[in-house]
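Read through the structure below, which is laid out as structure tokens, and then see the notes.
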Amino acid sequence: MISRRRRLAALALACCCALTGGSSSAPRPAAKAAARKERRANDGDDAPAKPTVVVRCLALKERGGQLEPMRFTLDEELDPKEVEIVVHACALSRSDLQAAADEDAAFPLVPGREIIGHVAKAGSAVSSVRPGQRVGVGLQMGDVDGDVLVKQAPVSVGGLADRIRVRSRWAFPIPDALPTDQAAPLMGAGAVCWSHLQRAKLKRGAKVGVIGLGGIGHLAVQFASRMGYAVDVIGGESDRAHNEEDAAQLGSSAFVALSDADARKGAARSYDLLLCTLDQDELRALGLKWGDCLKMLKSDAKFCVACESAAEVSSLPMKAMLERRLVLQTSAAITRNSAKEMLRFCERHRVCSLTEKAEMDADGARKALQRVSAADVRYRIVLLRSSAMQAYTLQRRDGLVLPGFGSVPMPALPVPARLRRATDSMLSQSAVLVGQLATRSRDMLANATSQINSSALHNSWQAAASAVRTGAQSLANSSDSVVRQMLDKGKGVLQAGGAKGAAGKGKGGVRALRGRQVGGSIGTLPSTVRPPDAAIASALKQKRAALAAARMSTMAVDEDDDADDADDADEAEEADEADEEAEEAVEDDEEDEAEEDDDDEAEEDDEEEAADEDDDEAEEEDNEDSDDGNDGAEGEAEPEDEAEAEAGAQSGVPAAAGIAQLRAYASDAAAPSPASSRVAPAQPTAGAGSRAPPGPSAAAAQAQASAVESDDAFAALAGGEADAADPWGEDAAAGDDALPARVLPRHPHSPPRARPATMSNVREGKVFSVSGPVVIADEMSGSAMYELVRVGHQRLVGEIIRLEGDMATIQVYEETSGLTVGDPILCTGLPLSLQLGPGILGRIFDGIQRPLEKIAETLGTIFIPRGINVSALDEECTWEFTPVNVKVGDVIGTGDIYGHVAENNIILHKIMVMPGKIPGGKVTWLAPKGKYTILQCVLKTEFQGKVTEHTMEQRWPVRTPRPVTEKLSGAEPLLTGQRVIDALFPSVLGGTCAVPGAFGCGKTVISQALSKYSNSDAIVYVGCGERGNEMAEVLKDFPELKMVVDGKEETIMKRTTLVANTSNMPVAAREASIYTGITLAEYLRDMGYNVAMMADSTSRWAEALREISGRLAEMPADSGYPAYLGARLASFYERAGKCELMGSPARTGSITIVGAVSPPGGDFSDPVCSATLGIVQVFWGLDKKLAQRKHFPSLNWLISYSKYDRALEPFYIKTDPEFITMRTRMKEILQNEDDLTEIVQLVGKDSLAESDKLVLEVAKIIKDDYLAQNGFSSYDKMCPFYKSVGMMKNIILFYSLGLKAIENASAEKKVTMNGIKEAMGGSSGVIYKISSMKFLEPSAGEDVNVAALNKLTEEIQTAFRNLDD
């Protein structure tokens, strides 16, 4: 009910804002439309052929001219890749003057190259930003492609306009934590600094020099110092004290004055990078030349020029640069991803621009440009929209509050669209009471203000609260509860003043206004006829009188605040704590509002009844509060409140009663409304020596007093339309500032989706020591084993592997060079998890699921930047979702499949309730068939009163096996297309196999062959520590390989996911790659697919375990490997198997793991090989001698084995009843041949019996023509199982008949092996045809090949019959 009251309280606030702002002086819409029509007629302008948008701006119409207002029109329809941005702030700099002075400059020219605004409209192809989002634009960023400026515009459009149009890729979302005025300079000056420092790629601790501490220089110092570099500021003697003080506060380690000879001498050859932010003329003023700057650099250092021109760069002493191998860096366009990384860095490290502010009107812009031209701006000057401009821009919005506007008060009118009709009716009835309310409120304000001024400050809050309560109680008896809420909301100034008085003398009142929202209520919304315009106008006149009294009250409170500034210094620490608690309260409100939005549609029919109940509860709460203030305090008390009450009692203030009353009346005004709390950050609390910025209540009153001085807001909410005053001095274009109601783009059939909850207790530790990939961290209490952490300033990915008290041991999956003691470590509170959903197949990830293709395309580099954080799946791509198996009202359980997505022509991606994590419940909403992103809600379930939203995305910890119903025994073979495997040493679907072998034996070849030709539905190929050329071969070959599906060739990548971890990547990431691969395989298995995972190779993983164990100083076992090596291997292989899966429909799936092992020198007694052989059921041992003879697959048939023979007997009997006998006979022949080889080496082949000679001849056929396969041929790269059986049958038949003929021959007619060769040899003989069976093309079809093999069987039988005759 509290969340519901919050929503309804937001409605009351909207009504209050509408009733307390505006004047009747603005022209009506009809009159303005007529005026525009008449003006067009007088000008002779014909009506435009298609809708247009009017843009107002301040432009330089000629070189050397002044800024003048002008306007032009653009087509209303946007280019598909364009966005239209309403400008809120614009920073002016020297680059604007240079652009105007350029010989090629086009006039009219609108200055302003560093812009902040919000997206009003977006083109049809735009997906990177959304309407309503706050974005920044730096026009220099697009000059390379020339695609930022509006093509249709007749002027060069900059930031001094009410709106601009740019390509969406140059509009960067601004983090909420960055205020608008501080974010604007980052778009230009910040981008220049960031680009230089990022491209330099210096090591941590490198020495950086910055020449000039201006608009660019002060940002460069902050960036460099927070990147871990030692920064010196180089400047002149003039204003040295001011520069030196600012430099130290910004993070500089020293200030080098050029007038000081010793300091100048000490700076020689000392810098790894020198960033010059001054042009050549400014350098001369400091007594510097280019050559002097180069003398400060070390050899192989970098010289960065931020304010260069072609003439200046050409004058550099190139000879000196070449001799010392100096690198020249000039400013370059920053990439989109680099700009996003810069903004995140600024948010994380609190990089701020030092700015002066001015209003963005004609007078303010002219003065600002003159100051820039006269070099009278210390760092940056930012033009902000005035409150009138804000009202003009936001007048027709629908519940949209823009983030980051902490420096400029903004009116909040959050009226939900679904309550408009009820709002109109409520406003109509409330209008007749406005006169009475205005009189009462004016008297109450005057009385309370008098009490504040006359009473002692430590009692002023009590007097204020008492005055408000008296007015509220008397008003409750004669007016609707809706109007009572309006009055409470409209008196924020009084409550803020009372709280200020409490904060001045008693600590108990400091936290009373910390943003907690006490649920008020409003009664049933009346539905009456709208009163005539005359009644509204009369009511508004009285309302304006009350507004004037509110202004006087604000002034009186401000005077008292000035007297309390000295006392505020003592409360700075507690004010900071209050600020943090207010932010937590805002986050709570976000979650409550998001949850409440989910129930809006279901509750719409019962709204009036619920509102009546809320009103009754509100009256009961009011009565309880009025009976005893102490009781109210107990109901709301928390441990922190007890401390506050104690502190208040010590200062003589009845804090318990005060907190209860202030919460009941002031916290609603002090806290952001539920609508505004979604995006607006909490206002900071005043610290020592500073005036507290106006809280939400005071800000609302001031904004209403200055920005909404018209009847338009009331008229717009009540059903009419009007325009606010135009701050550009021209008429506004009607309707062109309307904004959409939704901040997040959603599918038209999708319900509102709750935002993910943010962590309110982010923990940070510090680096204690660094040893390769192992980092010891301090201050890590509260962490958990295998928790994901971000290490250092670059936020490297790491995982906690040991906890000892307050210390944690972290293995870092990225290069740790540059980490130093004291670097921060961010604890995420989450395990290392994968992002699962449509889009997995056909992708290439690294060991921690970063998409390598996306990184390469985005950054244009073959290397992975450290700390890069990229979404594994494309979160903006839409997939065609089709619901299946369930409907609204059904009960769905964990693991149930409720939809599918056609990921490609081979794999149907099944969407299921996450098994074991989400309980399911009753289906309350199911998305219809259509296109959705993986983050959009497609299913809503209710279980035990809790509503859960389901998306197509799942997050799963890599070290946690996904649950199944039951493990089953395998009964179907894994057919690989390799005869030696399928016929002699088979595996089942769901089996575990090991492929050990020395270097060059073909482990990777076998793994790749299985990936290409096995009968698995999906393949997960993990290259764990493999050589780069082998992984490159995989990446090259797989997309080119084809497989036939339903008679159509498809690329094999459509069923494959690659996890690439090469030997030059950090060693710790090898373990992550193994767990990443098996988790991906489990996810595909849960859809009911048979998945094969190739791990190449597990020895590299074991080497990583050995290195980590050694750095942890653990007791080593055999060959230095950790004692838990076998347990780790077993935990990995046991995740394989055939399983009965959870959920419906009933289905089974399997994971087959094929792990390659690389024992040194092919020694199978290696600990990794020995431990693996004790776990797996299939052993495919590779022989180096066979590999040297180019016999592939180089499987040694004498040492290999399979324990799945008995499990597969039903399958083999069904295929061919004689297969098991033939396979046994073939193994015997190979074993006998090995025994005879030793005899032959001693006595020669001629001394053997004829039967033994037959064994040797048949064994040669088996080895050369059956077991060996040519992977580069079309006929033998893969062998279907029917062909393997047919070939085996003919070989064994030849051996059996030959042995029978030799044994049954008489002494007179003796049969020898030579005789058999003479009778059946030659190019047309049976022996040649047996050796040629492998040349049968699988593409010819099973029937053709089986007929050919059967024909050969008859020929063999005929040949031996003729031999007997």
Side-chain angles (χ1 to χ4, degrees), residues 77-83 119 121-133 135 167-169 171 173 336-337 340 597-598 740-756 834-845 849-851 853-855 857-858 870-886 897-914 923 925-940 948-955 1018 1050-1051 1053-1055 1057 1080 1083-1084 1087:
E77 183 178 357
L78 292 176
D79 183 86
K81 295 184 179 181
E82 278 186 345
V83 293
V119 178
K121 293 187 294 184
S124 58
V126 174
S127 59
S128 56
V129 294
R130 57 182 180 271
Q133 189 172 15
V135 296
R167 292 286 183 179
S168 60
R169 66 190 182 110
R336 177 175 180 82
N337 280 285
K340 289 183 176 180
D597 285 344
D598 294 340
R742 295 291 181 188
V743 176
L744 296 176
R746 299 183 303 109
H747 191 275
H749 302 293
S750 178
R753 180 174 184 265
R755 293 179 56 187
L834 298 189
Q835 185 181 27
L836 306 173
I840 283 180
L841 295 172
R843 303 293 296 277
I844 305 171
F845 304 104
Q849 210 199 11
R850 292 180 297 194
E853 290 177 308
K854 186 176 181 180
I855 293 174
E857 292 173 1
T858 304
V870 183
S871 174
L873 304 180
D874 191 345
E875 297 179 349
E876 298 177 357
C877 177
T878 57
W879 301 89
E880 185 71 26
F881 171 79
T882 303
V884 294
N885 302 330
V886 298
I897 294 174
Y898 59 88
H900 59 72
V901 166
E903 186 156 346
N904 52 53
N905 298 339
I906 300 177
I907 297 295
L908 187 67
H909 199 110
K910 301 172 184 178
I911 310 301
M912 71 195 82
V913 179
M914 189 184 303
V923 177
W925 182 83
L926 179 64
K929 182 178 181 180
K931 290 185 175 294
Y932 303 84
T933 67
I934 62 173
L935 299 182
Q936 285 182 300
C937 176
V938 293
L939 175 72
K940 292 179 68 176
T948 304
E949 291 187 349
H950 304 261
T951 66
M952 291 188 283
E953 176 206 47
Q954 294 185 15
R955 297 273 181 171
E1050 299 288 351
T1051 175
M1053 279 298 293
K1054 289 188 176 181
R1055 71 166 188 170
T1057 296
L1080 291 172
Y1083 176 70
L1084 295 170
M1087 300 179 195

> Mind checking whether Pro131 and Lys121 have side chains closer than 4.5 Å, heavy atoms only?
Replying inline: no

Using 0.5 Å steps for rounding, measure from the [atom1] atom of [X] to the [atom2] atom of [Y].
X	Y	atom1	atom2	value
Phe845	Arg850	CZ	CZ	12.5 Å
Trp925	His950	CH2	NE2	11.5 Å
Lys940	Glu949	NZ	CD	5.5 Å
Ile907	Leu1084	CD1	CG	7.5 Å
Gln936	Lys931	CD	NZ	12.0 Å
Ile844	Ile855	CD1	CD1	11.5 Å

Q.
List the residues meeting side-chain contact (heavy atoms from CB on, under 4.5 Å) with Thr1051, not counting sequence neighbours, and say none if there are none.
A.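 So Thr1051 forms a side-chain contact (heavy atoms from CB on, under 4.5 Å) with Lys1042, Met1053, Lys1054.
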
Ala902 meets the side-chain contact (heavy atoms from CB on, under 4.5 Å) criterion, sequence neighbours left out, with Leu908

Determine whether a donor-acceptor pair (N or O, by modelled atom type, separation under 3.5 Å) exists between the side chain of [X] and the backbone of [Y].
X	Y	answer
Gln954	Gly837	no
Thr1057	Ile840	yes
Gln835	Ala872	yes
Lys910	Met1087	yes

Looking only at non-hydrogen atoms, find the nearest pair between [X] and [Y] and report the distance.
X	Y	result
Ser128	Gln133	O-OE1, 4.4 Å
Met952	Val901	SD-CG2, 3.6 Å
Glu853	Gly842	OE1-O, 4.2 Å
Ser127	Glu876	OG-OE1, 2.9 Å
Val83	Ser168	CG1-CB, 3.9 Å
Lys340	Pro173	CE-CD, 4.4 Å

With side chain to side chain contact (heavy atoms under 4.5 Å, CB included) as the criterion, how do Ile934 and Thr951 come out once you've worked through the C-alpha distance, each side chain's angles and the decisive distance to 0.1 Å? CA-CA 6 Å; Ile934 62 173; Thr951 66; over 6 Å; no

Run Glu953 and Leu873 through side chain to side chain contact (heavy atoms under 4.5 Å, CB included) and show every step you take. CA-CA 9 Å; Glu953 176 206 47; Leu873 304 180; 5.6 Å; no

| query | Yes or no on side chain to side chain contact (heavy atoms under 4.5 Å, CB included) for Arg1055 and Glu1050, after CA distance, side-chain angles and deciding distance? | reply | CA-CA 10 Å; Arg1055 71 166 188 170; Glu1050 299 288 351; over 6 Å; no

| Under 30°, 30 to 60°, or over 60°: which ring-plane class applies to Tyr932 and Phe881, parallel, tilted or perpendicular? | perpendicular

Legend entry - ring-ring contact (aromatic ring centres under 6.0 Å, His included) partners of His900, counting only residues at least two apart: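 Expected list: none.
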
